[in-house]
S.K.: 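My structure is below; once you've seen it, I'll send some questions.
Per chain, numbering begins at 1; letters A, B, ... match sequence-line order.
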Protein chains: 2
Amino acid sequence: MKERLTDAAMDLIWENSYGATSVDAICDRAGAKKGSFYYFFKSKSELAAAALEAEWRKRRSDMDRIFSPTVPPLERLDRYFDYVHDSLAERQSKCGSVLGCPLLTVGSEISTQDQVLRNTVDRILDQKISYFVSAIRDAHAQGLISAPDPKAKARALFACYQGTLTQARIQNDVELIRNFKEIALDVLGARHAPATS
Amino acid sequence: MKERLTDAAMDLIWENSYGATSVDAICDRAGAKKGSFYYFFKSKSELAAAALEAEWRKRRSDMDRIFSPTVPPLERLDRYFDYVHDSLAERQSKCGSVLGCPLLTVGSEISTQDQVLRNTVDRILDQKISYFVSAIRDAHAQGLISAPDPKAKARALFACYQGTLTQARIQNDVELIRNFKEIALDVLGARHAPATS
DNA sequence: AATCGTCTAGACTGATCGGTCAACTATTTT
DNA sequence: AAAATAGTTGACCGATCAGTCTAGACGATT
């Protein structure tokens, strides 16, 4: 039941927005009643945080596989962006819109109003960035790119990736994710190196 | 009166979110009553679109000045990011948070629900990008960077800038905007050129 | 059988929401 | 001066909202 609620919440919040998603709608979607909702979660905000964590947990094993140290560093990023593109394209075929990243939309929406939820967003984003950090550190160690400060470079790349996700959502254009690879190479300074592809 | 309403709406929507901003709160802030609100605007959505347009109109003259063709191309971008940093820092000192860009937060929040408002966001963003396009085209023409497709490069840079704005809002850290300059140079491929700074 | 713990149900609460509308005031036009 | 227009007011509307709470069902344990 708990999972049904977090899944339903994730779908609705991702598709619309946190504020536009009502507890009633979540319950309808989950096939639950309000009493059950409040049995498991103290509030809508607590559910949203749980939904983001649950979604992250599901995605993490995919990321572990894609970013495995056995995969060449730049190829990890290349595959990851393909993975994200394919995920968003599939979700688009189901609900008609490119939805971008829920961490960004929720984070952006509630950042000045709900510090608990915002901390959840921050924490998960940090974990996502750590995959980028290790890929970039490895690429630097292998002489594929120059990134003396892998962390800063990872944050830069991540910001660009985030911006592209937001743009894709606003413009409802999933191909922007695919095009992002060129940008990523620029940020990494790997544009003129015979790596990737 | 109409301006007081658009100003109030802009402040509240920027600071919180579109959904979390009520018509009552906007009227309170503007020193108006509901009847007046609905005399001037058909709906909350129409007011939000008008508020974004009004804000853009106010900013455009600043952008015209900063991106004037009499200013060296890369310096236009440099100055613009300083301008944005200073604006956000000032707004932060007033309300306690880094607010990022209202076009992004509103666009992201309502992109699947209100097509009129989304089109307004899209239109304004396109106009903002055109400043980037011309600066990059000029920089390419002057041999400062290599950007055979100025439009694509401008879109890439803009996406990165957007991602940084969103990050700054979620993390409430305005210095990310300042740090963005390094990223911009990477995206432009101007990192190793003796330009800017 | 009684008790306990877990979970479900749904009526209910007070507040808030976007929007409506008749009455009124102030200014402009005829 | 009268009429028309522009603008203001705020009570009101039905709907929705997050959350509360009591009652009940069910399974496990004593």
S.K.: In whole Å, I'd like the distance from the CZ atom of A:Phe40 to the C1' atom of C:dC7.
M.R.: 6 Å

S.K.: Please confirm whether the shortest side-chain N or O distance from B:Ser22 to OP1 or OP2 of C:dT16 is below 4.0 Å.
M.R.: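 So the side-chain polar atoms of B:Ser22 never come under 4.0 Å of the phosphate oxygens OP1 or OP2 of C:dT16.
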
S.K.: Atom CD1 of A:Ile26 to atom C1' of D:dG19: distance rounded to whole Å?
M.R.: 13 Å

S.K.: Please determine if B:Arg4 and B:Asp7 form a salt bridge, counting it only when a charged side-chain N lies under 4.0 Å from a carboxylate O.
M.R.: no

S.K.: Both A:Asp24 and A:Gly35 contact DNA chain D. Which one's nearest nucleotide lies toward the 5' end?
M.R.: A:Asp24

S.K.: Measure from CD on B:Glu46 to P on C:dG18 and round the result to the nearest Å.
M.R.: 15 Å

S.K.: Check if the side chain of B:Lys34 and the base of C:dG19 share a donor-acceptor pair of N or O atoms closer than 3.5 Å.
M.R.: yes

S.K.: Does a side-chain N-to-carboxylate-O contact under 4.0 Å join B:Asp149 and B:Arg155?
M.R.: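 Looking at B:Arg155 together with B:Asp149, the answer is no, because their closest N to O distance does not fall below 4.0 Å.
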
S.K.: We want to know whether A:Ser45 and A:Ser43 form a side-chain donor-acceptor pair, criterion being a heavy-atom distance below 3.5 angstrom.
M.R.: no

S.K.: Roughly, in whole Å, what's the span from CZ in A:Arg4 to C1' in C:dC7?
M.R.: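 It is 12 Å, rounded to the nearest whole Å.
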
S.K.: Can you see if the side chain of A:Tyr39 gets near the phosphate of C:dC7 - specifically, an N or O under 4.0 Å from OP1 or OP2?
M.R.: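 Yes, because at least one side-chain N or O of A:Tyr39 sits under 4.0 Å from OP1 or OP2 of C:dC7.
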
S.K.: Does a side-chain N or O of B:Lys33 approach OP1 or OP2 of D:dG10 to a distance below 4.0 Å, or not?
M.R.: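 For D:dG10, OP1/OP2 do have a side-chain N/O of B:Lys33 under 4.0 Å.
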
S.K.: When you measure from the side-chain N and O atoms of B:Tyr38 to the phosphate of C:dG19, is any distance below 4.0 Å, counting only OP1 and OP2?
M.R.: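 Result: yes.
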
S.K.: Identify the residue among A:Tyr131, A:Phe180, A:Phe132 that makes a ring pair (Phe, Tyr, Trp, His ring centres under 6.0 Å) with A:Phe158.
M.R.: A:Phe132

S.K.: Output the rounded distance in Å from CD (B:Glu3) to C1' (D:dG7).
M.R.: 17 Å

S.K.: Closest to the A:Ser36 side chain: C:dG19, C:dT8, D:dT9?
M.R.: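 For the A:Ser36 side chain, the nearest candidate turns out to be C:dT8.
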
S.K.: Which whole-number value in Å describes the distance from B:Ile110 CD1 to C:dG18 C1'?
M.R.: 17 Å

